[in-house]
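Presented below is the structure to which this report refers.
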Amino acid sequence: MPQPNISDSYAELIPGKPIPQHIGIIMDGNGRWAKSRGLPRAAGHRAGTKNIRRLLEEAVRIGVKVLTIYAFSTENWGRPRAEVGHLMRLISQSIRNELDELHANGVQIRHSGRLAGVEPALAKQIQSAIERTKENDTIVLNVAFNYGGRAEIVDAIKNLIQDGIALDDVSEELVSRYLYTAGLPDPDIIVRTGGEYRLSNFLTWQAAYAEYYATPTYWPDFDEAALREAIAVFQGRDRRYGLVR
Ligand code: FPP
């Protein structure tokens, strides 16, 4: 498939081509980034957290409306206790330190995932961040935390049944309204850093027609230029949604 000519790392977006409304990011490679510098994994997660801020700002400049970041999967509980604890503290600290400024800049925080099983104080912090920013409309920062794509579909089915939805009323559109991402557009592009080529249970339903972009760059090194490059590649893709031209 022809790709745009990206001759340097500061690839420009392609004029006249659509900007993705919603970008999903699998932020992989924090641990390897740290290891390659002789640092503990925790340092990689700290650098990764800083990078969220940098890319959120760039996404706003570009005109992206929704950024979904994969912060913690339902499988990540299986990591060493100390690492899980560190990730929980990082998320809590980020809310404490960043929320005022995010709110002042019109960022709407959303959460995709289960709050059941999350430490109650953190769950409360997340809920109050969502509540406080719910009217903001510069960009949605949707944090996939304690998230699994399959768990999300299971939760949607349970809620559908609980609501007594009639069999004939079940449609793709209705299921979408029962997902954690209800009301958000589907992602146009899924970016995965860190060199792997899999979705890892991320936006399983929503990514049905997303373009996929994988890069070996570790998450903490995935900078503004790298994001623009990913978008330029997306703009060069031919999205057919199963149709013919
Ligand atoms: C993958 O790298 C990264 C994660 C599992 C966690 C991502 C979390 C953050 C960037 C910080 C917390 C988020 C917020 C919202 C403040 P890895 O550890 O799997 O890297 P590796 O594959 O190189 O080991």
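Both counts, for ligands and for their atoms, begin at 1 and track the order of listing.
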Using distance alone, determine whether Thr49 and ligand 1 share an N or O pair under 3.5 Å.
no
By number and element, which atoms of ligand 1 are closer than 4.0 Å to a non-hydrogen atom of Ala71?
6 (C), 7 (C), 8 (C), 13 (C), 15 (C)
Is it the case that Asp186 and Trp205 place a side-chain donor and acceptor less than 3.5 Å from each other?
no
Who's the nearest protein heavy-atom neighbour of atom 10 (C) of ligand 1, and how far?
Asn30 ND2, 3.5 Å
Can you find an N/O atom of Tyr70 closer than 3.5 Å to an N/O atom of ligand 1?
no
Would you confirm whether Arg228, through its side chain, and Glu224, through its main-chain N or O, come within 3.5 Å as a donor-acceptor pair?
no
Please check this pair: side chain of Asn146 against backbone of Arg114, looking for a donor-acceptor N/O pair closer than 3.5 Å.
yes
Is there a nitrogen or oxygen of Asn76 sitting under 3.5 Å from a nitrogen or oxygen of ligand 1?
no
With a cut-off of 4.0 Å, which atoms of ligand 1 are near a heavy atom of Ser94?
16 (C)
Ignoring hydrogens and geometry, is there a side-chain-to-backbone donor-acceptor pair from His111 to Ile130 under 3.5 Å?
no
Is a side-chain N or O of Asp28 found less than 3.5 angstrom from the main chain of Gly195, in a donor-acceptor match?
no
Can you tell me which portion of Arg41 lies within the under-4.0 Å heavy-atom range of ligand 1? Options are side chain, backbone, both, or neither.
side chain
At a non-hydrogen distance cut-off of under 4.0 Å, which region of Arg89 contacts ligand 1 (side chain, backbone, both, or neither)?
neither
Which class fits the ring pair Tyr147 and Tyr180: parallel under 30°, tilted 30 to 60°, perpendicular over 60°?
perpendicular
Nearest protein heavy atom to atom 3 (C) of ligand 1, by residue and atom, and its distance?
Met27 O, 3.1 Å
Pairs of nitrogen or oxygen atoms closer than 3.5 Å, one from Trp33 and one from ligand 1: do any exist?
no
For Asp221 and Thr217, indicate whether the former's side chain and the latter's backbone hold a donor-acceptor pair under 3.5 Å.
no
Are Arg79 and ligand 1 in contact, using a heavy-atom cut-off of under 4.0 Å?
yes
Within less than 4.0 angstrom of ligand 1, does Gly194 place any heavy atom?
no
Honestly, for Ile52 the part within reach of ligand 1 (heavy atoms, under 4.0 Å) is side chain
Say whether Gln125 and Ser92, considering side chains only, have a donor N or O and an acceptor N or O under 3.5 Å apart.
yes
Which of the numbered atoms in ligand 1 are below 4.0 angstrom from a heavy atom of Arg32?
21 (P), 22 (O), 23 (O)
Could you tell me whether a side-chain N or O of His22 sits under 3.5 Å from a main-chain N or O of Pro185, the two making a donor and an acceptor?
yes
Note: ligand 1 atoms sitting under 4.0 Å from heavy atoms of His45 are 18 (O)
With respect to Ile69, determine whether any N or O atom, backbone or side chain, lies less than 3.5 Å from an N or O atom of ligand 1.
no
Arg46 vs Lys50, test: side-chain contact (heavy atoms from CB on, under 4.5 Å). Steps then yes/no.
CA-CA 6 Å; Arg46 273 196 301 277; Lys50 261 185 149 172; over 6 Å; no
